[in-house]
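Taking it in order: structure first as structure tokens, then the write-up.
Only this structure's heavy atoms are used, side chains among them; waters, hydrogens and symmetry mates stay out. In what follows, residues are counted from 1 in the order of the sequence shown. Just so you know, these numbers come straight off a predicted model, no measurement behind them.
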Amino acid sequence: MRWIFLSLFLLHSFSSSGQNYRSSLGANSSFRVEMGLKGTLTKRLTTGAKAGDEVEVRRIFVDPTGYHAINLTANGKVFKAPLRRANTIQFRASNLKDFWKIQALQSGVYSHMIKNGLQKNLRTELGKEAYDYIETLDNSGLLLEDDYLESYLQGLAFRVMPDPLDDGRPGSVRVKVVMDYKPNAFMFPNGMMFLTTGLLSTMSSEEELLAVMAHEVAHFAEDHSMQNINTTMQRTRRALFWSSIATLAAASAEIYMTTQDETYQAGGLTQVTASLSTEIASRINERMGLTYTQQQEFEADKSATELLEMIKVNPMALASALKRIKRHNLKMDISNHYNPSTHPNINLRISKISGPAERFNDSAYIARMAMVNSMNAQLAFYERQYAVSIHFAHKNFGTRLATENDYLLVAKSLMKQYNTPEKNQEALFVIQQAKDTDFLPSFELFKQEGLLYLRLEKEAEAKESFHKYLNFLEQSR
């Protein structure tokens, strides 16, 4: 009797030793994911599997009793062990698919799935909401569609995650570009990644952009947004939510358009658009589970740097990217996805990425983003961020790809900020540079030139410039 009692006691203790061993009554007993991950044991697992042994985790599964287990082989034998014991294995990733499986396993994705199920209906709904968001952007003129740029960015995304996750979660990485001069990147639970034009211009190298994309893919692979959604689970009906967002976006764009300078020439851009307001972005982030915890941000940073090492990109590129975003935000006196009060301090995130400081400057990348730089300069100008407008336009000056518009924006931004002889002379020099481009000078250049000559009290030169301006107007009728 004593032995029976003792056996029952030990069985009870073992079976209740943690969530990863036996789940609650709501366990997803049909859960099963094929892994095929190889590694080395760091601790003794059981008789016949000791520290230093090579192992292969074949699958994760839940049996009908709710036992959360891994099935693995070691020394030619097959073992079943609690899922939590996977942390005693030092895994090796031979390819990117294995790498993201390891990140998901180590960050508790599969334990979360066992507890909540795959939630296919919710994931399908979130996928539809990703397209609701795209439609909202498109209707508000905020979606940048450029085949060359999208193809380039999609190619970078495939370097980070070339294959869809094969653990039952739907979605694969697809990239969309949002017209917003503030640097930002985010990823929805269906794998839709959004990069702002501001982020593309703020980066100065392909390596930095890859680092940011790897960070966002890590949030996706580690299912952070779904975990956050399950924490709140107070969701307004989809149609009602997105109709309210569309109304806010339309109102924002209408207010924005009334501030336009009617004489400004849009150049190669078909229209001027407004950025999504902070309020709209905040609502979307909360709904889609993108308000990450400090721990989630640190996890994504760690995964990103490990991924960069694997694809032979300097992992310090992530620290460099964060530093550029920080400097840009200080210049604009803003905070966004990368440094709001609910996220870890950006300096702390940078400090946790260990390694020697590196400079990342890629002239080919900056040249590739010339059109994006021009667009951001224009957007920043209309939001009266004149220093930022100059910053973006100047990126094109060194590549010999600056347009007449870029020069004009710099001159007008200087005129908006200053009225000193030195700055007026500087703006006049920029106007002369614009006239020396291969393009036929527009009437707007002569108008600004005339205004600058008046500021410099050079009436004869001003009169000549205004005369040319009027002639251009007559010829254009």
Side-chain angles (χ1 to χ4, degrees), residues 19-20 23 28 30-42 45 49 53-62 67-74 78-120 123 157-174 187-191 193 210 213-227 295-296 298-313 315:
Q19 178 182 320
N20 285 319
S23 70
N28 180 10
S30 63
F31 184 85
R32 179 188 178 101
V33 176
E34 300 299 322
M35 302 299 287
L37 298 177
K38 295 181 179 181
T40 306
L41 279 174
T42 60
L45 182 66
D53 285 348
E54 296 296 304
V55 299
E56 179 182 354
V57 176
R58 293 181 170 182
R59 66 185 61 87
I60 299 171
F61 66 98
V62 179
Y67 183 79
H68 301 191
I70 51 175
N71 179 282
L72 71 158
T73 59
V78 179
F79 299 93
K80 182 170 80 168
L83 175 56
R84 59 184 169 80
R85 296 300 298 276
N87 63 12
T88 65
I89 303 171
Q90 184 176 346
F91 289 102
R92 296 186 303 274
S94 58
N95 53 59
L96 287 177
K97 179 174 283 190
D98 283 354
F99 175 86
W100 289 118
K101 281 183 180 179
I102 293 168
Q103 303 308 308
L105 176 60
Q106 293 177 338
S107 62
V109 170
Y110 302 121
S111 296
H112 184 265
M113 285 185 180
I114 291 170
K115 178 182 177 182
N116 295 283
L118 190 56
Q119 298 180 286
K120 287 187 177 180
R123 292 179 188 274
F158 285 156
R159 287 186 63 185
V160 175
M161 181 180 273
D163 302 303
L165 299 166
D166 59 358
D167 53 19
R169 286 181 281 172
S172 56
V173 180
R174 287 158 293 169
M187 197 162 181
F188 283 1
N190 71 332
M193 180 188 294
L210 270 170
M213 295 174 81
H215 173 91
E216 295 305 323
V217 167
H219 281 308
F220 169 61
E222 292 165 15
D223 226 16
H224 288 158
S225 55
M226 283 296 293
Q227 294 177 33
Q295 184 58 36
Q296 287 171 337
F298 290 144
E299 284 180 0
D301 284 345
K302 180 176 180 293
S303 294
T305 54
E306 290 176 359
L307 181 279
L308 293 173
E309 280 194 289
M310 184 174 180
I311 63 175
K312 301 189 182 334
V313 173

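- A salt bridge is absent between E34 and K101; no separation between the charged side-chain nitrogens and carboxylate oxygens falls under 4.0 Å.
- Taking every heavy atom of both residues into account, R169 and A104 meet most closely at NH2-CB, 4.1 Å.
- At a cut-off of 3.5 Å, with distance as the only test, no side-chain donor of S111 or R84 sits close to an acceptor on the other residue.
- Closest non-hydrogen pair, A81 versus L45, comes out as CB-CD1, 4.1 Å.
- Salt-bridge check for D167 with K97: failed, with every basic side-chain N at 4.0 Å or more from each acidic carboxylate O.
- Between V173 and F158, the shortest heavy-atom contact is O-CE2, 4.3 Å.
- From M35, atom CE reaches atom CZ of F91 across 7.0 Å, with rounding to the nearest 0.5 Å.
- M161 contributes atom CE, which lies 6.0 Å from atom CZ of F220 (distance to the nearest 0.5 angstrom).
- The shortest distance between side-chain heavy atoms of L105 and L83 falls below 4.5 Å.
- Here the closest non-hydrogen pair linking A93 and I102 is CB-CD1, 3.9 Å.
- For the atom pair CG of L37 and CZ of R59, the computed distance is 12.5 Å after rounding to the nearest 0.5 Å.
- Side-chain atoms of D223 do not come within 3.5 Å of backbone N or O of M226 as any donor-acceptor pair.
- Listed by chain and number, the residues in a salt bridge (charged side-chain N to carboxylate O under 4.0 Å, His left out) with E306 are K302 (sequence neighbours excluded).
- Between T40 and R92 there is a side-chain heavy-atom pair separated by less than 4.5 Å.
- Aromatic ring orientation, H224 versus H219: perpendicular (interplanar angle above 60°, classes split at 30° and 60°).
- For the pair K80 and Y67, the tightest heavy-atom approach, listed with the atom from each and the gap, is CE-CE2, 3.5 Å.
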Working for side chain to side chain contact (heavy atoms under 4.5 Å, CB included), residues N95 and D163: CA-CA 10 Å; N95 53 59; D163 302 303; over 6 Å; no
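- With sequence neighbours excluded, no residue satisfies side-chain hydrogen bond (donor to acceptor under 3.5 Å, both in side chains) with R58.
- Although no hydrogens or angles enter the test, the distance criterion places a donor-acceptor pair under 3.5 Å between the side chain of R123 and the main chain of L118.
- Of all non-hydrogen atoms in L72 and I89, the two that sit nearest each other are CD1-CD1, 4.5 Å.
- Tested against S303, the residues H215, Q106, E222 include a single side chain to side chain donor-acceptor pair (under 3.5 Å) partner, E222.
- For D301, the salt bridge (charged side-chain N to carboxylate O under 4.0 Å, His left out) criterion is met by R349, not counting sequence neighbours.
- In this structure the side chain of V160 reaches within 4.5 angstrom of the side chain of W100, judged on heavy atoms.
- With values rounded to the nearest 0.5 angstrom, M213 atom CE is found 4.5 Å from M193 atom CE.
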Intermediate values then yes/no, side-chain hydrogen bond (donor to acceptor under 3.5 Å, both in side chains), S107 and E299: CA-CA 8 Å; S107 62; E299 284 180 0; 4.8 Å; no
Side chain to side chain contact (heavy atoms under 4.5 Å, CB included) evaluation trace for H112 with N116: CA-CA 6 Å; H112 184 265; N116 295 283; 3.3 Å; yes
Test side chain to side chain contact (heavy atoms under 4.5 Å, CB included) applied to L307 and L96, step by step: CA-CA 8 Å; L307 181 279; L96 287 177; 3.1 Å; yes
Residue pair V57, N71: steps toward the side chain to side chain contact (heavy atoms under 4.5 Å, CB included) verdict: CA-CA 6 Å; V57 176; N71 179 282; over 6 Å; no
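- Rounding to the nearest 0.5 angstrom, the gap separating the OG1 atom in T73 from the CZ atom in F79 is 9.0 Å.
- Annotation: the span from F188 atom CZ to E216 atom CD amounts to 11.0 Å, rounded to 0.5 Å.
- Using a distance-only test at 3.5 Å, with no hydrogens or angles considered, a donor-acceptor pair links the side chain of T42 to the main chain of T88.
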